[in-house]
Amino acid sequence: MGSSARYDFDIVVDRRGTWCVQWDGVADRFGVDGLLPFTISDMDFETAPQVLSALRSRLDHGVFGYTDWRQDDFRSAIAHWYRTRYGTEVDTGRLVYGPSVLSQLSQLLQMWTSKGEGVVVHTPTYDGFRKAVTGLGRELRGVPVGDGAALERELARPDSKVLILCSPHNPTGRVWTEAELGAMASLAARYGVAVISDEIHADFVHEGYAHVPWTRVAGEGRWALVTSASKAFNFPALTGSYGLIGDPADRAEYLRRMETAEGLASPAVLSLTAHIAAYRESETWLDELRAYVAGNLALVARRLDEEFPELEWRPPQAGYLAWIDLRPAGVDGDEALQRVLVEQEKVAVMPGGVYGAPGSVRLNVGCPRAKAEAGVEALIRGVRAVTARAS
């Protein structure tokens with residue numbers, strides 16, 4: 001870290017034995033224990049010290065009764081964050097709460113669609129969207145990122161009812177411009193399609209790019225923004241997310257479902273505590289973390305350029321997930337590369353087929369630099385082994 005840095009992200013935290021999905025659950029997906037993981041979208045860093053301090057203070061109180069998320073401390077912290085981070089005023093009267101972004105997404109899909117109807121997503125597609133949509137019996141309709149004609153074609157189908165927007169996009173790290181978002185809003189309004197904008201990666205946009213909240217372009221169409229501080233500040237295990245719903249009747253129906261049908265009227269108090277401390281006190285920590293992760297991504301770019309210049313790989317515009325299309329280097333699918341990575345390199349890297357794009361990988365470098373370096377070197381050796389056999 002630079003001499004002016006306040007936080008040391010090179011510190012290694014041992015996550016093994018903490019019921020951690022990335023480290024302790026690696027065998028569930030890859031069939032082998034003990035792999036060095038670069039998988040699920042959480043980071044190996046402790047959360048911000050300001051968040052830890054707030055959590056300790058709340059724990060010291062010792063009473064953990066039923067909790068109300070509608071209190072001003074929580075609402076005003078969200079408004080403060082959007083005002084200072086995104087230059088956007090938030091109508092806190094539109095706020096809702098949920099246990100997770102995917103839980104909110106599921107409720108909204110049940111409100112706005114029926115079985116068999118179409119839900120449009122961008123491809124490659126975050127696997128959580130795929131599971132939620134198909135699990136509810138809806139039809140997933142993919143359009144390539146950046147293909148406006150394909151997007152309009154799918155939205156124009158009479159039974160396409162919802163566009164799920166990942167903003168910024170997972171897994172590619174694409175940050176949508178205000179013009180692109182405005183065009184999507186216009187198309188959705190024209191064809192009567194509701195929009196659910198998942199903005200959980202928004203706080204991790206890198207220098208040179210700017211996140212535009214959906215509220216800035218939404219207009220009068222049916223829409224919801226769902227998000228959480230848990231991604232950027234690394235506390236998903238605390239649960240908790242929030243959202244903004246444009247239509248008052250939709251908001252009332254969402255709350256009815258969550259609080260009565262789902263029995264989720266009382267949120268996790270530690271999640272509320274963490275959100276408030278993150279948004280009120282932890283901006284400097286986040287900015288230093290983003291810069292550190294940008295260094296990890298630059299390392300990946302440098303090594304890939306040295307070994308596989310034909311990839312022309314560049315870091316994502318947001319996030320800590322390196323989405324790498326390996327087909328130009330001669331990797332045609334997932335199976336052979338995954339076998340080498342698991343059996344020879346002893347690393348776990350998410351295969352592109354999970355997101356509908358075989359021949360790619362999603363490498364999580366939200367970790368100390370030494371681990372990121374080990375991951376990219378293992379990937380390089382794996383690609384070399386696979387392409388050597390193919391030739």
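Computed from a predicted structure; not experimentally measured.
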* Are F235 and H275 near enough that their ring centres are under 6.0 Å apart? -> yes

* Is the cationic atom of R369 (NZ for Lys, CZ for Arg) positioned less than 6.0 Å from the six-membered ring centroid of F9 and within 45 degrees of its normal? -> no

* Is H122 close to C166 at the side-chain level, that is, under 4.5 Å between some pair of heavy atoms? -> no

* Where the side chain of H211 meets the backbone of F204, is there a donor-acceptor pair that is under 3.5 Å apart? -> no

* Asked: Are R75 and D91 close enough for a salt bridge, meaning some N to O gap below 4.0 Å?
  -> no

* Between the side chain of Q50 and the main-chain N/O of A277, is any donor-acceptor distance below 3.5 Å? -> no

* State plainly whether the residues D287 and R85 are in salt-bridge range, i.e. N to O under 4.0 Å. => yes

* To do: Before giving the answer on salt bridge (charged side-chain N to carboxylate O under 4.0 Å, His left out), spell out for R6 and E288 the whole-Å C-alpha distance, their side-chain angles and the decisive distance to 0.1 Å.
  => CA-CA 8 Å; R6 293 173 54 185; E288 289 194 14; 5.3 Å; no

* Asked: Hey, does L136 have a side-chain heavy atom less than 4.5 Å from the side chain of S106?
  -> yes

* To do: Could you tell me whether a side-chain N or O of D334 sits under 3.5 Å from a main-chain N or O of P351, the two making a donor and an acceptor?
  => no

* Asked: How far apart are the C-alpha atoms of L155 and V143, what are their side-chain angles, what is the distance that settles it, and do they pass the side chain to side chain contact (heavy atoms under 4.5 Å, CB included) test?
  -> CA-CA 10 Å; L155 294 180; V143 297; over 6 Å; no

* **Distance in Å, W81 CH2 paired with T227 OG1, rounded so as to fall on 0.5 Å steps** => 11.0 Å

* Minimal non-hydrogen separation, G382 against V340, with atom names -> CA-CG1, 3.7 Å

* **Minimum side-chain heavy-atom gap L95-I78 below 4.5 Å** => yes

* Asked: For A322 and W313, which heavy atoms make the closest approach, and how far apart are they?
  -> CB-CZ2, 3.6 Å

* **Hphob cluster co-occupancy, W323 + V205, side-chain heavy atoms under 4.5 angstrom** => no

* Give a yes or no answer on whether the side chain of E199 reaches the backbone of W214 with a donor-acceptor pair at less than 3.5 Å. => yes

* Modelled atom types, side-chain donor and acceptor of Y97 and S271, under 3.5 Å -> yes

* Asked: Would you call R70-E259 a salt bridge at under 4.0 Å N-O?
  -> yes

* Asked: Between CZ of R216 and OG1 of T88, what distance do you get to the nearest 0.5 Å?
  -> 4.0 Å

* Asked: So, R141 versus S160: side-chain donor-acceptor pair below 3.5 Å or not?
  -> yes

* Rounded distance [0.5 Å steps], CZ in R314 versus CD1 in I324 -> 12.5 Å

* Asked: Any side-chain donor paired with an acceptor under 3.5 Å for R58 and T273?
  -> no

* Say whether M350 and M43 are linked into one hydrophobic cluster, either directly or through other cluster members, by side-chain heavy-atom distances under 4.5 angstrom. => no

* Asked: Should we say atom CD of E312 is surrounded by more than 12 heavy atoms from elsewhere, each under 6.0 Å from it?
  -> no

* To do: For Q338 and V349, indicate whether the former's side chain and the latter's backbone hold a donor-acceptor pair under 3.5 Å.
  => yes

* Say whether I380 and V331 are linked into one hydrophobic cluster, either directly or through other cluster members, by side-chain heavy-atom distances under 4.5 angstrom. => yes

* Exam field: side chain N296 to backbone G366, donor-acceptor pair closer than 3.5 Å -> no

* To do: Any chance you could lay out the side chain to side chain contact (heavy atoms under 4.5 Å, CB included) test for T47 and L52, step after step, and finish with the verdict?
  => CA-CA 7 Å; T47 189; L52 290 173; 3.7 Å; yes

* To do: Check whether more than 12 heavy atoms from other residues, nucleotides or ligands sit under 6.0 Å from atom CZ of R327, and answer yes or no.
  => no

* Test side chain to side chain contact (heavy atoms under 4.5 Å, CB included) applied to E262 and Q107, step by step -> CA-CA 10 Å; E262 301 296 326; Q107 289 300 319; 3.1 Å; yes

* Charged N-O contact under 4.0 Å between D198 and K231 -> no

* Just by modelled atom types, is the A249 backbone N or O under 3.5 Å from a matching donor or acceptor in the E253 side chain? -> no

* Asked: How long is the gap from OG1 on T284 to OH on Y7, to the nearest 0.5 Å?
  -> 6.0 Å

* Heavy atoms, side chains only, cut-off 4.5 Å: are Q22 and N364 in contact? -> yes

* Pair E307 + R384: basic N to acidic O under 4.0 Å -> yes

* To do: Drop me the distance from H80's NE2 to Y279's OH, to the nearest 0.5 angstrom.
  => 11.0 Å

* **Test item: Q317 and H206 side chains (from C-beta on) under 4.5 Å apart, heavy atoms** => no

* Side chains of W23 and R16 in contact at under 4.5 Å (non-hydrogen atoms) -> yes

* Asked: Are a donor atom and an acceptor atom from the side chains of Y355 and T123 found within less than 3.5 Å of each other?
  -> no

* To do: Give a yes or no on whether V145 and V217 share a hydrophobic cluster (residues Ile, Leu, Val, Met, Phe, Trp, Tyr; joining criterion: side-chain heavy atoms under 4.5 Å apart).
  => yes

* Structure fact -> Distance col, row L102:CG vs S228:OG, nearest 0.5 angstrom, shows 11.0 Å

* So, for A79 and V90, which heavy atoms are closest and what is the spacing to 0.1 Å? -> CA-CB, 4.5 Å

* Backbone N or O of T113 within a donor-acceptor pair of the R138 side chain at under 3.5 Å? -> yes

* Tell me, with the steps shown, if V383 and L337 meet side chain to side chain contact (heavy atoms under 4.5 Å, CB included). => CA-CA 7 Å; V383 173; L337 178 60; 4.2 Å; yes

* Connected via hydrophobic side-chain network under 4.5 Å: I40 and V26 -> no

* Tell me whether the guanidinium CZ or amine NZ of K371 lies under 6.0 angstrom from the six-membered ring centre of F38 and within 45° of its axis. => yes

* Asked: Yes or no on salt bridge (charged side-chain N to carboxylate O under 4.0 Å, His left out) for R303 and E373, after CA distance, side-chain angles and deciding distance?
  -> CA-CA 9 Å; R303 290 296 293 124; E373 184 173 11; over 6 Å; no

* Check for a donor-acceptor pair, side chain of T67 on one end and backbone N or O of G65 on the other, with a separation under 3.5 Å. => yes

* Within 6.0 angstrom of D305 CG, more than 12 heavy atoms from elsewhere -> yes

* Asked: Any chance CD of E335 has more than 12 other-residue heavy atoms, nucleotides or ligands included, within less than 6.0 Å?
  -> no

* Could you pull out the closest heavy-atom pair between A329 and T387, with the gap in Å? => O-CG2, 3.1 Å

* To do: If the plane angle is over 60° it's perpendicular, under 30° parallel, otherwise tilted; pick one for F233 and W285.
  => parallel

* Under 3.5 Å, is there a donor-acceptor pair between the side chain of S57 and the main chain of S53? -> yes

* Structure fact -> Heavy-atom closest pair (R130 atom, T134 atom, distance to 0.1 Å) is O-OG1, 2.7 Å

* To do: Determine whether the side chains of Y86 and D203 contain a donor N or O and an acceptor N or O closer than 3.5 Å.
  => yes

* Compare every heavy atom of V293 with every heavy atom of G319, then report the nearest pair and how far apart it is. => O-CG1, 4.1 Å

* Asked: Between E306 and R302, is there a side-chain N and carboxylate O pair less than 4.0 Å apart?
  -> yes

* Are more than 12 heavy atoms from other residues, nucleotides or ligands located less than 6.0 Å from atom CD of Q71? -> yes

